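Single-structure report; data block below.
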Amino acid sequence: MLPKQFLATFRKLLTCQTKVMQINETRSFFMGAQRFRDVIDRKEMLRSVPKMDEGSVGEKVLDVDTLIHQKGDIFPDADTPNRLFNGIPFKNLPIVNVRVSPNNTIVSMSDDKGVVKLLRSCGVEGFKNTRKGTNIAAQATAITLGTKVLERGIKTVRVRVRGLGPGRMSAVKGLQMAGLEIVSITDSTPVSWNPPRPRKAKKL
Amino acid sequence: MRHVSFIARTVFVQNNDVEAAFRILNRILGREGILDQFRRTRFFEKPFQFRRRINFERCKAIYNEDMDRKIQFVLRKNRMEPFPGNP
């Protein structure tokens, strides 16, 4: 008499049931080899992680050329440096620099020459580690800096943003919430098409 | 060549609407591909990944061009307006 095992495999081969699943058979989540389990878990984990906010809200859509035709005064031109905003020429307006990174946001106020007068970062606000790299922290930092700037007697500023990260839009919003009048927003993210070789890609 | 500070990549804020101005700025930068280039330069893109991306972009450009031609062709017409009086 053949062993039970051989009979079972022979029956399976006859009925072509080696790889086909029965209708009522449900696959257990923990079935399979260790490596398959790791892959499944990791995929689920990656899917459950919320999307990181790069701070580039509003990146898609809209035709810019129609914008220029409709509202021509949105963009600066050659005589902008001498244009007056609240009695101050544009080139003499103080600058608020917002340095944004994926893990932190630093907001500083400098005069038109570039000499820094005030500096606040999310760490100074009291946030620690991962919480520094959030839009709420950036907004709080911007609000405190905004109030300090107003205490100095400065009301109109121009903003310069550098980098991509969670605090990009919220920092500027926080400055406005503090009561500062923002005249213009500039982006001075350092972009190069032939940079020195960056670090290798992170393992996902 | 460096762009002039506060003239290039600058948007004025109208009626204290900071969000709208910021969105316009991000839109322009995104459409021009500046933000994509910035993200690319954070980590090194190996030559094989670079070639894969460039080939994909070339194929996409060819496809988009042909599709646009097709759409413009299909939209051509020389007939009476079927619903006169509509805006």
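We name chains A, B, ... by the order of the sequence lines, and we start the count at 1 in each one. Treat the numbers as computed from the prediction; the structure is a model and nothing was measured.
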Open item on the list: Take a 6.0 Å sphere around CG of B:N15 and say whether it holds more than 12 heavy atoms from other residues, nucleotides or ligands.
Closed with: no
Open item on the list: Donor-acceptor check, side chain of B:Q37 to backbone of A:S192, threshold 3.5 angstrom: yes or no?
Closed with: yes
Task: Portion of A:D77 that has a non-hydrogen atom of chain B nearer than 4.5 angstrom - done: backbone
Open item on the list: Under 6.0 Å from the ring centre and within 45 degrees of the ring axis: does the NZ or CZ of A:R199 meet both conditions for the six-membered ring of B:F43?
Closed with: no
- [ ] Nearest 0.5 Å please: distance from the CG atom of A:D187 over to the OG1 atom of B:T10.
- [x] 9.0 Å
Open item on the list: Which atoms of B:L25 are under 4.5 Å from chain A, going by heavy atoms: the side chain, the backbone, both sets, or neither?
Closed with: side chain
- [ ] Please state whether the side chain, the backbone, both or neither of A:P196 comes within less than 4.5 Å of a heavy atom of chain B.
- [x] neither
Open item on the list: What verdict does the side chain to side chain contact (heavy atoms under 4.5 Å, CB included) test give for A:K173 and B:F22, after you've listed the backbone C-alpha separation in whole Å, the side-chain angles of each residue and the deciding distance to 0.1 Å?
Closed with: CA-CA 10 Å; A:K173 200 146 168 268; B:F22 208 92; over 6 Å; no
Open item on the list: Any heavy-atom pair between the side chains of A:P81 and B:I7 that's under 4.5 Å?
Closed with: yes
Task: Inter-residue atom distance A:F75.CZ - B:R9.CZ, 0.5 Å rounding - done: 14.0 Å
TODO: Please look at B:R42 and chain A and tell me whether the side chain, the backbone, both or neither of the residue comes under 4.5 angstrom of a heavy atom of that chain.
DONE: both
Task: Interatomic distance, A:T189 atom OG1 to B:R39 atom CZ [nearest 0.5 angstrom] - done: 10.5 Å
Open item on the list: Quick check: do B:T41 and A:V191 have side-chain heavy atoms less than 4.5 Å from each other?
Closed with: no
TODO: Quick one: which of A:R160, A:K91, A:R158, A:E181 has the most heavy-atom pairs under 4.5 Å with chain B, could you say?
DONE: A:R158
- [ ] Determine the interplanar angle of the A:F85 and B:F12 rings, folded into 0 to 90°, and report it as parallel if under 30°, tilted if 30 to 60°, perpendicular if over 60°.
- [x] tilted
Open item on the list: Quick check on A:T80 against chain B: is it the side chain, the backbone, both or neither that has a heavy atom closer than 4.5 Å?
Closed with: side chain
TODO: Work out which heavy atom in B:L29 is nearest to a heavy atom in A:R168; give both atom names and the distance.
DONE: CD1-NH2, 3.7 Å
Task: B:R53 atom CZ, over 12 foreign heavy atoms within 6.0 Å - done: yes
Open item on the list: Quick check on side chain to side chain contact (heavy atoms under 4.5 Å, CB included): which of A:I74, A:V159, A:V183, A:I185 does B:V13 satisfy it with?
Closed with: A:I185
TODO: Please look at A:I95 and chain B and tell me whether the side chain, the backbone, both or neither of the residue comes under 4.5 angstrom of a heavy atom of that chain.
DONE: side chain
TODO: Taking A:Q176 for its side chain and B:N16 for its backbone only, find out whether a donor-acceptor pair lies under 3.5 Å.
DONE: yes
